[in-house]
Q: 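Pasting a structure here, questions to come.
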Amino acid sequence: MKYNFKKIEKKWKIKHKKFNFFEINKNSKKKFYILNMFPYPSGYGLHIGHTIGYIFSDIICKYKSGCNYNVLNPIGFDSFGLPAEQYAINTTKHPSYIIKKSIKKYKKQIKNLGVFFNWDKEINTIDKNYYKWTQWIFIKLFNSWYDKKKKKARNIKKLINIYKKKKKWNCLKKKEKNKILNKHRLAYLKNSFVNWCSKLGTVLANDEIKNGKSERGGHKITKKKMLQWHLRITKYSDKLLNGLKKINWPKNIKNSQIKWIGKRKCFYINIKINKKYKTKIFYFKKKKNINNIIINTNSYIYELLIKFIKKKYKKKVINIVKKINNNKNYKILIKTNIINKNKKKINIYISNYKNNKSIKNIYLNVKNSKNFLKIKNKLTLSIKKNFYIKSFFLYFKKKKKIIYNLNDLIFSRQRYWGEPIPIYYIYNIPYNIPYNKLPLKLPYINKYISKYKNYKFKLNFYYKWAWDSINKKIVENKFIDIKKKIYPLETSTMPSCAGSNWYYIRYIDNNNNNKIISNNKEKYWKNVDLYIGGSEHTNGHLLYSRFCLKFLKDIKVINYYNEPFKRFINQGIILNYSFSIFKLIKKKKFISYDLIKKYKKKIQKIYIEKKFIINNNELNINFFLFKNKNYKNFIFYKKKKFLCYKKLEKMSKSKLNIIKPNKIIDKFGIDVFRLYQIFIGPFNKKKIWNLDKIKGIKRFINKLLLIFKNNKEIIKKKPKKEDKIILNNIIKKVYKNYKKLLLHISISYFMKTINIFIKKKIKNKYILEKFIILFSPFAPYISEEIWEKLGHKNSIFMEKQPKIYNIYYKKKIKYIIMLNNKKKFVIKINKVNNNKKYIINKIKCNNNFFYKKKIKKIIFIKNKILNILI
RNA sequence: GCGGAUGUGGUGAAAUAGGUAAACACGCUAGACUUAGGAUCUAGUUCUAUAAUAUAGAAUUAAGGGUUCAAAUCCCUUCAUCCGCACCA
């Protein structure tokens, strides 16, 4: 029988449409909530990295269902954020149109994986019924403060009551009241230095920046002072730290959470520029003397410093900084009269020194400035004695202090495509939109982009963005009038983490319009039992989600659990080779990879697709030109062959090394594709994409089909003991690997068992049935087909996972006999004779390898080993 | 610079919380078969010796040392690779 997967898949896809998988154990008391991080629907569609996660969760979901669990395996889409918006600007189409199209594509592809998702639970962050609750949580945060004594968040009204008792609260002006409240609110406004990207026109979080440039687009980032919404996540530092003890997460993820929170006792130094401008504090484990201070030219501290340099020298410094910014690793020395403890003068350097990846604002003479001091390019400003920055001084405190790394989360973005922050301002004092008027809908305007193409894509350009607080609705900007009680609305939107902070809660009760989640449902489903996700933004996402939950628990939205994700497994990235060629800048010349050394500075790297490559890394020039006609007149510089640069890299759209699952599925079928993705290696480790090994899976499937080829050969008889033992072994192995989440090992045991079945010609129906049930989560369609051929009408997924046979067998015990720590042979012994004397005698009878020799020692470990030392 | 991992054949990898290293699969070599297919089957695939389809011996889990009857697994040092990092560590 040839494996006609297309026919089988088509048949079962139709049957599965009517099949209510998630209803099977609806009334079971045991629940299992498994969750994949929801995808960002980019226009490019699914790639291999996505599918492996879905397949993985699906297998576990099907297995758990077979173990009588009521399972939940939902999926949704995280659709707000920069990528869609950037794409929208480029294509002049509205982001919601792009997102809708992408989601359609995603859904189609996901459904083609043989995966069961609870599609009725689907959520989408841009859905107004979803972001209504995101905004609701924000207002709750805005109206809460953290009570240190009670160690939880409470309503801001209670804080006002406390103030009323203590002070003359009512005599204070509104602005003063606001100032005080703003210091306590969990969502609050603060002027702070932010990563500003002028090209994108927005603030970015630290994890949105890579190598000092924006992750999306690679634009320059500067530090800028701006009024921003913050979440007071720092108040929860201790809770976030303690919660880690109880959950089953990988060590490295836990560690980086601990590091991020960074609780420790330290000595500290304060750097002030003058009374008004404080900078951050610097901490040391031990007391240290300060010999020099290094200030980065890209930092905000430098900008401040410039303000306080005397006018005469200001231009000089700025000019020099301009010059050195174009060079690598330069430093300028400014001599000062600040004296440290050893009565030595402290020098200030201004430098464009970069330490590996991160831009640091300031370096002190700690270990990491060693490299800095090696810099040879050095300028010294000729500075007169009286020139130094008077107001720049240091504090060194002797006392130890408990400090945290964690900073409050900056929670606003100056962009259009996000959840609007439900706040309006009266005389610059923020007030929230009433709860019952949520959602504050994101305005949709046609032709928006073409009309305002030259503007930044921002909310305040909408003509309709003001709040009428009498009629409680959104009105046009031009009506803003304090007398008529029409006020300006907040123009920033929330960052993309806002929607993903709490989404796992919403899946459980996604259609509830009155509450985020009903009590009953929360009590039953509780938290996520197994959370599966990629490694990209894991750390931030997990921390913010945990913070969000702890807050929701304080305000009693959540009552029955403390941590969002009980167990977490990190999905390893899949690497693939990328190919690139080099072009001379501004010239029509390509240069072979072995010749580029000469042109080092003048070349530009262009990624190309793999289909243009022959013989490992040679470019097929004719084919390349045929497909890329804009390079028609270009010259190819080469010796003999034109070589490309081949590199193993993370799959990415820009590097043209993405593998799309569709082609593979078309060629080999869904089941083979599923098995292959799991078999490729441990789920949590990085993998290199290589299709070679898919043959093994194909052969395995063929062998499997061979067994079930002739229905007549399959015997309905009580299975033999031997056969039962074989089945027991595989069941045990597979179950154990489910616990450890090592599914790839299970597949190798399936292969092994099939080999044994063929060798021993096992054709017993009961044995084979149990085997195929055990196997069904891995390859659903083929299992269903075989199940049907065995004469069953129900879906195989209605069946329970097999139990281990109770066999009473006089098990012979295996002993490994070792001589001087080396294995000699293995003997089998009946249970009755399981003792040292018997075994030694037996060996003496059969072997004479230690005859006439003195035995130093015999080590006997019951049921395992006998080691003889001579 | 700091922190966290990881290191097993030509390749992907297994090895019960110290107890037969390399299961399972890919690749390769040789042969068979045929409906000439990205097909299937059989055997081999660390090294050495011999009386050679067997037997015996030796080496081996990045390198070196330690603990132990016994280490891929535990401890120490070094090297290499990867990941994270915001001022500190």
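Here is the naming used below: chain letters follow the sequence lines, and residue numbers restart at 1 for every chain.
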Q: Answer with yes or no whether Lys693(A) presents, from its side chain, a donor or acceptor under 3.5 Å of a partner atom in the base of U11(B).
A: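 Flag set: donor-acceptor pair detected.
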Q: What is the distance from CD1 of Ile573(A) to C1' of U6(B), rounded to the nearest Å?
A: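 Rounded to whole Å, this separation is 14 Å.
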Q: Which whole number of Å gives the distance between the C1' atom of U73(B) and that of A14(B)?
A: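 The answer is 14 Å between these two C1' atoms.
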Q: So Phe679(A), base contact, sugar-phosphate only, or nothing? Heavy-atom distance under 4.0 Å.
A: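 Since a base atom lies under 4.0 Å of Phe679(A), the category is base.
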Q: Quick check on A13(B): is either OP1 or OP2 less than 4.0 Å from any side-chain nitrogen or oxygen of His744(A)?
A: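 No, no such contact exists.
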Q: Quick test of your reading: applying salt bridge (Lys or Arg N to Asp or Glu O under 4.0 Å), list the pairs with at least one residue in residues 741-762 of chain A, sequence neighbours left out, ordered by first then second residue.
A: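 Residue pairs with at least one partner in residues 741-762 of chain A: there are none.
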Q: Under 6.0 Å between ring centres, would you say that holds for Phe411(A) and His230(A)?
A: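 No; His230(A) has its ring centre 6.0 Å or more from that of Phe411(A).
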Q: Glycosidic conformation of G9(B), syn or anti, with 90° from 0 as the boundary?
A: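 Syn for G9(B); the angle stays within 90° of 0.
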Q: Can you measure Ile258(A) atom CD1 to A5(B) atom P for me and round it to whole angstrom units?
A: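 For the pair Ile258(A) CD1 and A5(B) P, the rounded distance is 11 Å.
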Q: On a whole-Å scale, what distance lies between the P atoms belonging to A72(B) and G7(B)?
A: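 Between the two P atoms, the distance is 14 Å.
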Q: State whether Asn755(A) places a side-chain N or O below 4.0 Å from either non-bridging phosphate oxygen (OP1 or OP2) of A25(B).
A: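 Looking at the OP1 and OP2 atoms of A25(B), one of them is under 4.0 Å from a side-chain N or O of Asn755(A).
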Q: For the residue pair Phe778(A) and Arg674(A), what are the closest heavy atoms and their distance?
A: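 What the structure gives for the nearest pair is O-NE, 3.0 Å.
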Q: Is the Phe700(A) to Phe750(A) ring centre distance short of 6.0 Å?
A: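 Not close enough - the centres of the two rings lie 6.0 Å or further apart.
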Q: Give a yes/no answer on whether the side chain of Arg699(A) brings an N or O atom under 4.0 Å of OP1 or OP2 in G38(B).
A: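 Answer no for this pair, as no side-chain N or O of Arg699(A) is under 4.0 Å from OP1 or OP2.
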Q: Please give, in whole Å, the distance from A14(B) P to Ile730(A) CD1?
A: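 Rounded to the whole Å, the gap is 17 Å.
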Q: Can you tell me which nucleotide in C69(B), A14(B), U16(B) comes closest to the side chain of Lys736(A)?
A: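 Between C69(B), A14(B), U16(B), the one nearest the side chain of Lys736(A) would be U16(B).
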Q: Pick the C1' atom in G31(B) and in A25(B), then give their distance to the nearest Å.
A: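 Those two atoms are separated by 22 Å.
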Q: Is the closest side-chain donor-acceptor distance between Gln571(A) and Asn684(A) under 3.5 Å?
A: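 There is no such pair between these side chains.
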Q: So, does Lys685(A) use its side chain to make a donor-acceptor pair with the main chain of Phe683(A) at under 3.5 Å?
A: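 Answer holds: no.
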Q: Would you confirm whether the ring centroid of Phe668(A) sits within less than 6.0 angstrom of the ring centroid of Phe673(A)?
A: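 No - the distance between ring centres of Phe673(A) and Phe668(A) does not fall below the 6.0 Å cut-off.
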Q: Kindly indicate whether the side chain of Lys667(A) and the base of G38(B) share any N or O donor-acceptor pair separated by less than 3.5 Å?
A: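 For Lys667(A), whose side chain was compared with the base of G38(B), there is a donor-acceptor pair (under 3.5 Å).
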Q: Considering only atom P, compute the distance from C2(B) to A59(B) and round it to an integer number of Å.
A: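 About 40 Å, rounded to a whole number of Å.
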Q: Considering only atom C1', compute the distance from U16(B) to A21(B) and round it to an integer number of Å.
A: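 Those two atoms are separated by 15 Å.
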Q: Nearest to the side chain of Asn867(A), which nucleotide is it out of A89(B), C69(B), C82(B)?
A: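 Closest nucleotide to the Asn867(A) side chain: C69(B).
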Q: Using the P atoms only, state how far G18(B) lies from C74(B), rounded to an integer number of Å.
A: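 Here C74(B) and G18(B) have their P atoms 9 Å from each other.
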Q: Closest-nucleotide mapping onto RNA chain B: is Ile261(A) or Ile694(A) further toward the 5' terminus? I mean the 5' end.
A: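 Between the two, 5'-proximity favours Ile694(A).
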Q: Can you tell me how far P of G4(B) sits from CG of Asn684(A), to the nearest Å?
A: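 That distance rounds to 19 Å.
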Q: Could you tell me how far A22(B) sits from G4(B) if I compare only their C1' atoms? Round to whole Å.
A: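 Comparing C1' positions in G4(B) and A22(B) gives a spacing of 29 Å.
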Q: Expressed as a whole number of angstroms, how long is the span from Lys740(A):NZ to A14(B):C1'?
A: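 Going from NZ in Lys740(A) over to C1' in A14(B) covers 11 Å.
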Q: Say you pick atom P in C88(B) and the same atom in A13(B); how far apart are they, in whole Å?
A: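 Looking at atom P only, C88(B) and A13(B) are 37 Å apart.
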Q: How would you label the contact of Ile865(A) with the nucleic acid (heavy atoms, under 4.0 Å): base, sugar-phosphate, or nothing?
A: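 Ile865(A): base contact, heavy atoms under 4.0 Å.
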Q: Could you label the plane-to-plane angle of the Tyr531(A) and Phe568(A) rings as parallel, tilted or perpendicular, counting under 30° as parallel and over 60° as perpendicular?
A: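 Ring orientation of Tyr531(A) relative to Phe568(A): tilted.
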Q: Under a 3.5 Å cutoff on both atom distances, Watson-Crick or G-U, what's the dot-bracket for RNA chain B ([ ] crossing, | other strand)?
A: (((((((..(((......[....)))((((((.......))))))(((((...)))))...(((((..]....))))))))))))....
Q: Starting at atom NZ of Lys259(A), determine the distance to atom C1' of C2(B), rounded to an integer number of angstrom.
A: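 Going from NZ in Lys259(A) over to C1' in C2(B) covers 9 Å.
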Q: Closer than 3.5 angstrom, by distance alone: can the side chain of Asp408(A) be matched with the main-chain N or O of Ile233(A) as a donor-acceptor pair?
A: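 Yes, the answer is positive, given that a donor and an acceptor are paired below the 3.5 Å cut-off.
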Q: For A17(B), decide between syn and anti, treating a glycosidic angle within 90° of 0 as syn.
A: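 Syn conformation here, the glycosidic angle of A17(B) being no more than 90° from 0.
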Q: Separation of Lys685(A) atom NZ from C82(B) atom P, in whole Å?
A: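 In whole Å, C82(B) P lies 16 Å from Lys685(A) NZ.
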Q: Can you tell me if Lys695(A) touches the phosphate of G27(B), counting only side-chain N or O atoms and a distance under 4.0 Å to OP1 or OP2?
A: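 Yes, because at least one side-chain N or O of Lys695(A) sits under 4.0 Å from OP1 or OP2 of G27(B).
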Q: Please determine, for the side chain of Ile859(A), which listed nucleotide (C69(B), U40(B), A15(B)) has the closest atom?
A: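 Closest of the options to the side chain of Ile859(A): C69(B).
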Q: Tyr749(A) OH to A25(B) C1': how many Å, rounded?
A: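 Spelled out: OH on Tyr749(A) to C1' on A25(B) is 13 Å.
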